[in-house]
Amino acid sequence: MPTRLATWNVNSLRVRLPQLWDWLALTDAEGGMDILGLQETKTEDEHFPWDDFEACEWHAVHHGQKTYNGVALLSREPLSDVVHNLPGLDDDQARVITATTQGLRVICAYFPNGQAPDSDKFAYKLRWLEALKAHLVAELQAHPRLVLMGDFNITRDDADVWDPVKLAGTIHCTDIERDAYGQLLGLGLHDAFRLFHDTPGQFSWWDYRGGAFRRNQGLRIDHVLVSDALKPLATDCSIDKRPRTFERPSDHTPVVLRLQDPAQA
DNA sequence: ATGCCTCAGCTCCTGAGA
């Protein structure tokens, strides 16, 4: 069983690879990372840095695409039964990768942004969320120990929003999106961060513009959900803000889940 | 102010992100 998992929207893996190594070096000093989900790699499979990861003893699977999207799973052990995207959804956007590793079923997802509630992209977001739900129903049935992690592009409630009045009803904050989030939880999943933290104003994303990070004007839109079977093993979930202070940061920062080692339980 | 950054790409501007 892994004890540390993380999700991070890197906003271009090519640009962010040095920051990824720097962050992993920090976590190595704290016990290391076992499984990592990346979003917005923005690269095709043939340009994915396979050799760099292999040299650092990471197994990797990637569902890539040029310019936009792209998701990867890294693990200290081999990954198997890999599924690209969402079964039943005809989608030319590379947003999901699912695999089994270290005794867990892990889904790494980059949810659609949705742009604005009256847009075609919002309608696509809702279709995509329906297909994700169906995928989760099937996966949970086959794999009780499941983690869904990624950039959800949804705030769960106003505690995840720096200015809930100003942003009421805007993208990431609509009741429709939050209801879809709630439906995922209704399948037997738990917002790991909220199991351990209930103070409002803890964010995983800050706009590049206007000194938003310095002012803590952000959103919590990156989430880790654990299944019913896994919930008792979760010991902590935290947002690591350090990479947001690096040179040339991603606008997102990693969210880390810690699981109890069953050998010590 | 449809603004403010940042990224990719048919790259010196545009579309998209959130």
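Just so it is clear: chains get the letters A, B, ... in the order the sequence lines come, proteins before strands, and each one is counted from 1. Only this structure's heavy atoms are used, side chains among them; waters, hydrogens and symmetry mates stay out.
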| query | Is there a side-chain polar atom (N or O) of A:Arg248 under 4.0 Å from OP1 or OP2 of B:dC7? | reply | yes
| Footprint string (nucleotides 11-18 of chain B, 5' to 3'): B base within contact, S backbone only, - free, heavy atoms under 4.0 Å | -----SBB
| A:Glu130: what forms a salt bridge (Lys or Arg N to Asp or Glu O under 4.0 Å) with it, not counting sequence neighbours? | A:Lys133
| task | Could you tell me which residues satisfy side chain to side chain donor-acceptor pair (under 3.5 Å) with A:Arg16, sequence neighbours excluded, listed by chain and number? | result | none
| Can you tell me how far C1' in B:dA18 sits from the matching atom in B:dC7, rounded to whole Å? | 14 Å
| task | Provide, to the nearest angstrom, the distance between the NE2 atom belonging to A:His47 and the P atom belonging to B:dG9. | result | 9 Å
| task | Would you please name every residue forming a side chain to side chain donor-acceptor pair (under 3.5 Å) with A:Asp158, sequence neighbours left out? | result | A:Arg178
| B:dT2 versus B:dT11 - spacing of their P atoms, nearest Å | 29 Å
| field | Pairwise P distance, B:dC13 and B:dC4 [rounded to whole Å] | value | 16 Å
| query | Using the P atom in both, what is the distance from B:dG15 to B:dC10, to the nearest Å? | reply | 15 Å
| said: When the C1' atoms of B:dC12 and B:dA8 are compared, how many Å lie between them, rounded to an integer? | reply: 14 Å
| message | Within this structure, what is the NE2-OG distance for the pair A:His143 and A:Ser227, rounded to the nearest 0.5 Å? | response | 11.5 Å
| task | With sequence neighbours left out, write down each residue that passes side chain to side chain donor-acceptor pair (under 3.5 Å) with A:Gln19, or none if nothing qualifies. | result | none
| query | In chain order, what residues pass the side chain to side chain donor-acceptor pair (under 3.5 Å) check against A:Asp207, with sequence neighbours excluded? | reply | A:Arg209
| Between A:Gln217 (CD) and B:dC5 (C1'), how many Å, whole number? | 14 Å
